[in-house]
Amino acid sequence: MRATATAGGRAVFHLQHLRPRPPWRALPPAATTHLSRSAPARRADHRCLPKGFLSTLEPRISGVSLCRRAHATCSYSLDDKLQGELDDTQRKLETVGAFQKIPMVMPATDILMSAQRKSRNVPPTKGIANIAKRERNKGAKQLDALMKELSVPLRTYTENFPKRRDLHPYERSLIELTFGEGYYEQVLGRVDTLRKRITSVGKQHASVCAKSTTKREAEERLTEGRKKLEEAFQHGKHAIDDLVNVAKALRSMPVVDLHIPTLCLVGSPNVGKSSLVRILSSGKPEVCSYPFTTRGILMGHIVSNQERFQVTDTPGLLTRHDDDRNNIERLTLAVLSYLPIAVLYVHDLSEDCGTSVADQYITYKHIKDRFGDRLWLDVISKCDLLGKKEPISFHDADEDVARYRRLGPEGALQVSVQTEIGVKQLKERVHELLTSQMARIKSSKAEHETHEVGTSVVY
């Protein structure tokens, strides 16, 4: 603290160094000597603790120990920060349901009409007596309001639609398979481009209107500004219409809870998967006698012994290489690849589905080899037709195919929805399967929590 005298004879006190300088940052007594020394010597001085500093520490703490502790604290802080960021990313990828949080998108026509109505009701600033000034003030404010009413909703959409990189892999695959590679990002990009264009045009014409010198000029520039803003919006409104369709499609996709056991029905087209879903769960998929009735992921629920499970019906798989599959078939592979499911694989040995037993066997072996680590139950559907209908292909050169035609996979359960053969047994086996899946999910969750606790401990 120091005092200086003012002209009136009063002393004004100045507080200096309210925050004491740490001892280890204190300048050497002779600044000129310090500046004249070499750089290595100055760095050595900076690293050294000040004289008498160690005496203020706890007993038995040495300077080396102190440095080690400081270095360890810094290292753990950085590691914890990086680990926290990784954990946040992992948590984002482990959760689903982002599509249900997508904001409602207003049609372009509604956005424009609402913006026009609200902007025309904006009054000039109170207290402006000059008519010309009042008119140019009103014009500039109304153009600014119109610009904001058009651009703010677009900003809200681009900010609140989820980034694809933050989605669960299952949801990322749904976006790609539903709209095609890059379409989702392209639509959001065009909406953001429209927002930037509207902001630019609005600011430009609001500024021009604010420089008007007469009432008539202000009115003309207001009219011109409105016209240019509306033209810019109309030119890019197709991006908003596309975003409306994207939002509707994403919100209509079924919600999958990763913490509830899920039974996934898989098989060739028209083998009876949808019929089994109807008798097993609350799901009511379309049941027809032609292939590819199921063109998306359909979800139902089972409530058994006060326990709740999920059942999903998937599109049928044809006998071909994965690279040749269409997007409808790839939806099935996305469910198998990214969701913690138990598989109920459905076979139609009567060939009533239109797919030969040989082709069904090839597809089954491919899926079984690829996803055999999942809990699995094989079901032979339409067993009431076995022996009553002449099979389409009656000669099998492959012994495995011949055995598959007679008995199906080992341990397969024969079921008929029409005659209710094996339906009760199927429900019991499904409950056992999903109970085992619940145990797997709980075990995996416990291991994950144990891992999180272990990585958060600082030694």
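Computed from heavy atoms alone, side chains included, the values below leave out hydrogens, waters and symmetry copies. For reference, positions follow the sequence shown, starting with 1.
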Is there a donor-acceptor contact under 3.5 Å from the side chain of [X] to the main chain of [Y]?
{"X": "S252", "Y": "A249", "value": "yes"}
{"X": "T319", "Y": "D359", "value": "yes"}
{"X": "T178", "Y": "I175", "value": "no"}
{"X": "K273", "Y": "T312", "value": "no"}
{"X": "R221", "Y": "S207", "value": "no"}

So, applying side-chain contact (heavy atoms from CB on, under 4.5 Å) with [X], which one of [options] is it?
{"X": "I380", "options": "L349, L413, D348", "value": "L349"}
{"X": "V277", "options": "T314, L263, V311, L344", "value": "V311"}
{"X": "E329", "options": "T332, L331, N326", "value": "N326"}

[X] [atom1]: over 12 foreign heavy atoms closer than 6.0 Å:
{"X": "R330", "atom1": "CZ", "result": "yes"}
{"X": "R155", "atom1": "CZ", "result": "no"}
{"X": "K368", "atom1": "NZ", "result": "yes"}
{"X": "Y404", "atom1": "OH", "result": "yes"}
{"X": "E410", "atom1": "CD", "result": "no"}

Between [X] and [Y], is there a side-chain N and carboxylate O pair less than 4.0 Å apart?
{"X": "D322", "Y": "R370", "answer": "yes"}
{"X": "E399", "Y": "R403", "answer": "yes"}
{"X": "R165", "Y": "E185", "answer": "no"}
{"X": "E230", "Y": "R226", "answer": "no"}
{"X": "K141", "Y": "D144", "answer": "no"}

Contact check, side chains of [X] and [Y], non-hydrogen atoms, under 4.5 Å:
{"X": "V271", "Y": "Q360", "answer": "yes"}
{"X": "L317", "Y": "H366", "answer": "no"}
{"X": "P123", "Y": "K138", "answer": "no"}
{"X": "D378", "Y": "Y364", "answer": "yes"}
{"X": "F371", "Y": "V266", "answer": "no"}
{"X": "F99", "Y": "L167", "answer": "yes"}
{"X": "R374", "Y": "I341", "answer": "yes"}
{"X": "L258", "Y": "Y170", "answer": "no"}

message: As a quick check of understanding, evaluate side-chain contact (heavy atoms from CB on, under 4.5 Å) for D400 and K365, giving each step before the final call.
response: CA-CA 11 Å; D400 292 335; K365 288 294 294 180; over 6 Å; no
message: One pair to check against side-chain contact (heavy atoms from CB on, under 4.5 Å): V255 and M299. What are the steps and the verdict?
response: CA-CA 8 Å; V255 181; M299 186 67 64; over 6 Å; no
Look up atom [atom1] in [X] and atom [atom2] in [Y], then write down how far apart they are to the nearest 0.5 Å.
{"X": "T262", "Y": "I441", "atom1": "OG1", "atom2": "CD1", "result": "6.5 Å"}
{"X": "I362", "Y": "R320", "atom1": "CD1", "atom2": "CZ", "result": "14.0 Å"}
{"X": "R195", "Y": "S200", "atom1": "CZ", "atom2": "OG", "result": "11.5 Å"}
{"X": "R120", "Y": "Q142", "atom1": "CZ", "atom2": "CD", "result": "7.5 Å"}
{"X": "Q310", "Y": "S281", "atom1": "CD", "atom2": "OG", "result": "10.5 Å"}
{"X": "M106", "Y": "Y157", "atom1": "CE", "atom2": "OH", "result": "6.0 Å"}

message: Working note: K227 + H205, criterion side-chain contact (heavy atoms from CB on, under 4.5 Å); need CA distance, chi angles, decisive distance, verdict.
response: CA-CA 10 Å; K227 181 180 178 182; H205 285 275; over 6 Å; no
- prompt: What residues form a side-chain contact (heavy atoms from CB on, under 4.5 Å) with A206, not counting sequence neighbours?
  reply: L143
query: Under the side-chain contact (heavy atoms from CB on, under 4.5 Å) test, which residues partner P107, sequence neighbours left out?
result: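 Listed in chain order: D110.
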Testing the basics here: between [X] and [Y], what is the closest heavy-atom pair and its distance to 0.1 Å?
{"X": "A108", "Y": "I240", "answer": "N-CG2, 4.0 Å"}
{"X": "N137", "Y": "P124", "answer": "OD1-CA, 3.4 Å"}
{"X": "V122", "Y": "A145", "answer": "CG2-CB, 3.7 Å"}
{"X": "F309", "Y": "I260", "answer": "CA-CG2, 3.8 Å"}
{"X": "L146", "Y": "Q116", "answer": "CD1-N, 4.0 Å"}
{"X": "G272", "Y": "K382", "answer": "N-CE, 4.4 Å"}

Criterion side-chain contact (heavy atoms from CB on, under 4.5 Å) on D242 and R190, from CA distance to verdict: CA-CA 10 Å; D242 291 340; R190 288 195 286 122; 2.6 Å; yes
message: Tell me whether the rings of Y345 and H347 are parallel (<30°), tilted (30 to 60°) or perpendicular (>60°).
response: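 Tilted, since the angle between the ring planes falls between 30° and 60°.
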Would you tabulate the side-chain donor-acceptor contacts of residues 417-435 under 3.5 Å, counting partners in other chains and residues two or more places apart, or write 'none'?
from	atom 1	to	atom 2	distance (Å)
T419	OG1	S416	OG	2.9
H431	NE2	E307	OE1	3.4
T435	OG1	H431	O	2.7

